[in-house]
Amino acid sequence: MLTVGVDVGGTSVRAGVVDGDGAVLDTARAATPSGEEALEEAIGSAVAELASRHRIAGVGLAVAGFVASDLRTVRFAPHLAWRQAPVAERISQRVGMPVVLEHDANAAALAEHRFGAARGAKIAALVAIGTGIGGALLLDGQVFRGAHGVAPELGHLRLVPDGRPCPCGKNGCWERYCSGTALSTTAVELLARHPGQSTVLAREAMGDPRAVTGRRVAGAARDGDPLAQRAMADLARWLGDGLALVADVYDPEVVVIGGGVSESAPLFLDDARERYAAVVTGAGHRPLARIRTAQLGDDAGIVGVATLARDVAASTARNGRPR
Ligand SMILES: [Zn+2]
């Protein structure tokens with residue numbers, strides 16, 4: 001049975017046909033339109049394009065936003081047009097197939113649990129480090145959502161009292177210190193204090209400080225730039241501190257580190273593990289979570305939500321109605 005997973009992000013809509021082994025067989029993509037109707041139209045067209053080439057049993061949407069716990073309504077998505085929108089119903093009418101929704105980090109965690117780095121783990125957490133931090137928690141392979149469907153907001157755990165301001169309205173959130181954005185902020189701060197430490201980044205920042213992106217800092221660290229390496233060491237330290245908090249609350253068996261920044265894991269992950277092992281409560285007297293990088297890369301959201309769509313389609317076929 002084939003299903004389609006659609007990753008609905010702030011910049012692009014990416015759809016993929018996924019088989020029962022989690023392999024992506026075919027893809028279609030479009031830029032994310034700003035209006036509600038246009039967005040649903042773009043998703044409908046991507047699915048129709050794939051359905052013209054494959055026999056599809058169901059569709060899942062991985063959404064960067066809050067999804068109601070019935071997996072049919074998008075409550076709020078900061079970078080998308082939907083507000084309290086019955087998205088599953090609307091897309092289902094467009095494509096003539098059952099549709100299920102899931103938060104993108106939850107979808108990625110489900111994929112890593114079924115096919116990737118968290119395979120077989122009873123308690124697994126996903127920390128997706130990109131522009132910010134996306135978090136997910138699986139208990140016995142099931143998504144933990146909390147009482148109102150918004151848990152776990154790992155990126156906004158306060159690590160630094162009176163620290164860097166966060167768009168969420170608080171200060172000192174984890175993702176202000178451990179993300180692609182944070183790498184850039186830290187590098188620019190370090191440049192102001194030690195301009196001589198990185199002639200390369202200093203020259204680039206002089207042209208336009210926005211040129212010092214997280215990706216650029218990671219590249220410079222890889223090339224041996226001392227200031228970029230300091231920024232990377234700073235990220236590793238905060239990653240370790242945050243992971244210790246996550247472990248104190250959930251005591252996971254595995255923590256999967258995903259997101260765009262995880263592509264640079266060789267530059268920070270060993271240091272982060274060391275820091276985590278040193279600062280977790282009861283350090284030295286408790287088993288530690290395995291901290292692994294994600295295996296499914298950019299496709300994790302598509303694979304996870306397509307797998308969810310397969311489970312729904314299979315249960316509909318058995319019981320004659322959706323779960
Ligand atoms: Zn925050």
Side-chain angles (χ1 to χ4, degrees), residues 8-11 62-69 74-84 102-109 125-138 143-190 209-210 212-215 217-218 231-250 252 255-262 264 268 272 275-276 279-280 291 294 301:
V8 189
T11 50
V63 181
F66 290 137
V67 172
S69 45
V74 175
R75 288 195 195 286
F76 170 73
H79 306 292
L80 300 170
W82 292 319
R83 300 288 179 268
Q84 289 297 343
E102 183 53 279
H103 182 275
D104 56 357
N106 288 343
L126 173 86
V127 176
I129 312 174
T131 311
I133 287 181
L137 180 69
L138 300 182
V143 172
F144 174 81
R145 303 174 194 282
H148 308 101
V150 299
E153 277 296 341
L154 300 181
H156 300 283
L157 290 173
R158 176 174 286 152
L159 259 74
V160 183
D162 303 319
R164 293 173 183 166
C166 182
C168 79
K170 303 197 301 182
N171 288 77
C173 296
W174 190 15
E175 67 174 40
R176 293 296 101 199
Y177 294 84
C178 182
S179 63
T181 315
L183 264 183
S184 158
T185 309
T186 305
V188 169
E189 279 180 12
L190 287 170
R210 283 172 304 179
V212 185
T213 60
R215 192 174 290 275
V217 175
M232 201 51 96
D234 194 71
L235 178 136
R237 177 251 161 110
W238 293 114
L239 177 56
D241 279 1
L243 288 175
L245 286 186
V246 170
D248 282 342
V249 180
Y250 299 126
V255 181
V256 179
I257 308 293
V261 174
S262 70
S264 303
F268 64 79
R275 174 78 182 180
Y276 153 71
V279 300
V280 70
I291 297 165

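When a ligand or atom number is given, it counts from 1 through the structure's own listing order. Numbering of residues begins at 1 and proceeds along the displayed sequence. For clarity, every value in this text was computed on a predicted model and none was experimentally measured.
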Legend entry - Side-chain heavy atoms of Y250 within contact of V255, under 4.5 Å: no
Inset, instruction - Would you check if V256 and L126 make a side-chain contact, meaning some heavy-atom pair closer than 4.5 Å? - result: yes
Inset, instruction - Count, excluding waters, the protein N, O or S atoms that are closer to the Zn ion (ligand 1) than 2.8 Å. - result: 4
Legend entry - Inter-residue atom distance I257.CD1 - L243.CG, 0.5 Å rounding: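 It is 5.0 Å, given to the nearest 0.5 Å.
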Legend entry - Under 3.5 Å donor-acceptor, R83 side chain and L80 backbone: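 Yes, R83 side chain to L80 backbone: donor-acceptor pair under 3.5 Å.
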Legend entry - Lys/Arg N to Asp/Glu carboxylate O, K170 vs E153, below 4.0 Å: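 No.
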Inset, instruction - Take R145 and E102 through the salt bridge (Lys or Arg N to Asp or Glu O under 4.0 Å) test and state the conclusion after the steps. - result: CA-CA 11 Å; R145 303 174 194 282; E102 183 53 279; 2.8 Å; yes
